[in-house]
Participant: 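Dropping a structure here in structure tokens format, bear with me for questions.
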Amino acid sequence: HIMDILHLSNVPLTPGSMRAGGATKRFIRNEALADIKFLGRWAAESSLNVYIQEAVSSFVLLKL
């Protein structure tokens with residue numbers, strides 16, 4: 001619904017993409033992983049790392 005409001009319904013994003021994007025933005029700003037993990041309510045840092053890696057990969061692909 002939010003994607004429609006923002007006129008982004010043709011962009012392949014999901015609420016999960018926004019979660020990963022938010023974590024990645026904080027990571028790029030050099031925020032502590034422990035803080036990002038807490039804010040995103042990740043149980044394990046390894047799953048947070050996957051979110052960040054996937055988001056950075058998508059970001060680079062979109063820039064290409």
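Atoms considered below: every heavy atom in the structure, side chains included; atoms not considered: hydrogens, waters and symmetry mates. Residues: numbered from 1 along the sequence shown.
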Participant: For residues F27 and V60: do they belong to one hydrophobic cluster (side chain heavy atoms under 4.5 Å, members Ile, Leu, Val, Met, Phe, Trp, Tyr)?
Facilitator: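 Same hydrophobic cluster.
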
Participant: Can you find a pair of side-chain heavy atoms, one from E45 and one from L33, that are under 4.5 Å apart?
Facilitator: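 Touching, per the 4.5 Å side-chain cut-off.
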
Participant: Got a second to check how far W42's CH2 is from I52's CD1, nearest 0.5 Å?
Facilitator: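 W42 CH2 to I52 CD1: 7.0 Å, rounded to 0.5 Å.
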
Participant: If you measure from CG on D35 to CZ on R26, what distance do you get to the nearest 0.5 Å?
Facilitator: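 It comes to 8.5 Å.
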
Participant: Could you measure the distance from the CZ atom of R29 to the OG1 atom of T24? Nearest 0.5 Å is fine.
Facilitator: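 Atom-to-atom, R29:CZ and T24:OG1 are 12.0 Å apart.
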
Participant: Measure the spacing between OG of S46 and NZ of K37 and express it to the nearest 0.5 Å.
Facilitator: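 Result: 8.5 Å between the selected atoms.
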
